[in-house]
Amino acid sequence: MITLKAQAPRLVHLVEDADSAHATETVPAGPPRLHLKNATVDFGNRQWPAVENASLAIGAGEFVALLGPSGCGKSTLLNVFAGFQAPTSGDVLLDGEPLRGPSAKCGVVFQKHSLFPWRSVLENVAFGPRRLGLPNPLGIARDLLDTVGLRDVASAWPSSLSGGMQQRVGIARALATRPPVLLMDEPFGALDAQTRALMQEELLSIWDRLRPTVVFVTHDIEEAIFLADRVVVMQTRPGRIAREFDVPFARPRATGVMDEPAFIELRREISEIIRAEARKSFR
Ligand code: ADP
Ligand code: MG
């Protein structure tokens, strides 16, 4: 069970019982949680595959950012991890087992929220737990709305919320089945800069408490470095994994980390790779 204690309007503290399912999930042991082996995805519509020969092992509880210019295959790769897209060749494993389609172990958040417009915010979040037959789906949904600071709008329609709030509902919905893996495709891409900064901090605080394995797609270098343990930089034509960077900053992270010389240097190094890649698209 999770206990949520609201302290300030949007500040919520979550305490987990030591024997909860999630507490055992966060122990990084055994095979990688997600394992991509020489995966190629070819839609057959270009001279080059969307993703070519990509290999990536992601540990339990790790936060990985997939970064690269538009069209380099980030979404395609995320769809492979989500089981929405089978690789043309190569393998994708979840907890050591070949992935054969979407798994209940993975929660997915898209760039644009994909809420049911005809269900209330609460019912949107309760949908997954209901479908899985979990006990007390409304209780789970209420707890998560607390976690993302949306308790007050539980009975509202999604269309009445701001973009940032809708995206928070999307995150709550993805978390509602307690998936050990969270796959996020530019989830904050449509938000204004301030809301985006708040959402990044909120995501880090949720991740810190629940420790899911996260694959976070973005084309924003600062966002990738600020959030992730590891930044995987992709290149385009064909989409390939170009470089990986371990992010050396301690957690919990505050936005001040972006002013540190090491952050600025890492941003510069990654920026050069991305810029060289982006130039290729104009040739
Ligand atoms: P990114 O998310 O990095 O912007 P995508 O993964 O969406 O890139 O796309 C990579 C390449 O694959 C692009 O050239 C895109 O046009 C192509 N692509 C993506 N999805 C499909 C699809 N379902 N059918 C055909 N081509 C696709
Ligand atoms: Mg994309």
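Counting convention: from 1, in listed order, for ligands and their atoms alike.
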Notebook entry, point to check: Do Ser55 and Asn38 meet the criterion of a side-chain donor-acceptor pair at a distance under 3.5 Å?
Noted result: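 Short answer, yes.
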
Check: Between the side chains of Arg131 and Thr177, is a donor N or O closer than 3.5 angstrom to an acceptor N or O?
Finding: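 Side chains of Arg131 and Thr177: no pair found under 3.5 Å.
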
Notebook entry, point to check: Considering only heavy atoms, which protein residues lie less than 4.0 Å from any atom of ligand 1?
Noted result: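 Protein residues near ligand 1 are Phe43, Asn45, Arg46, Ala50, Pro69, Ser70, Gly71, Cys72, Gly73, Lys74, Ser75, Thr76.
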
Next item on the list: Apply the side chain to side chain contact (heavy atoms under 4.5 Å, CB included) test between Phe188 and each candidate in Asp220, Thr195, Ile171; give the one that qualifies.
Entry: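 Testing Phe188 for a side chain to side chain contact (heavy atoms under 4.5 Å, CB included) against Asp220, Thr195, Ile171 leaves exactly one candidate, Ile171.
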
Notebook entry, point to check: With a cut-off of 2.8 Å, does Ser70 place any N/O/S atom under that distance from the Mg ion (ligand 2)?
Noted result: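 No, outside the cut-off.
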
Check: Are Met199 and Val217 joined in one hydrophobic group, where the rule is that I, L, V, M, F, W and Y side chains link up if heavy atoms are under 4.5 Å apart?
Finding: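 As far as the 4.5 Å side-chain criterion goes, Val217 and Met199 are not connected within one cluster.
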
Notebook entry, point to check: Is it true that a side-chain atom of Asn79 and a backbone atom of Phe84 form a donor plus acceptor pair closer than 3.5 Å?
Noted result: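 Not confirmed, Asn79 side chain does not pair with Phe84 backbone.
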
Item checked: Cation-pi, Trp207 ring and Arg211 (6.0 angstrom, 45 degrees) ->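 Yes, a cation-pi geometry.
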
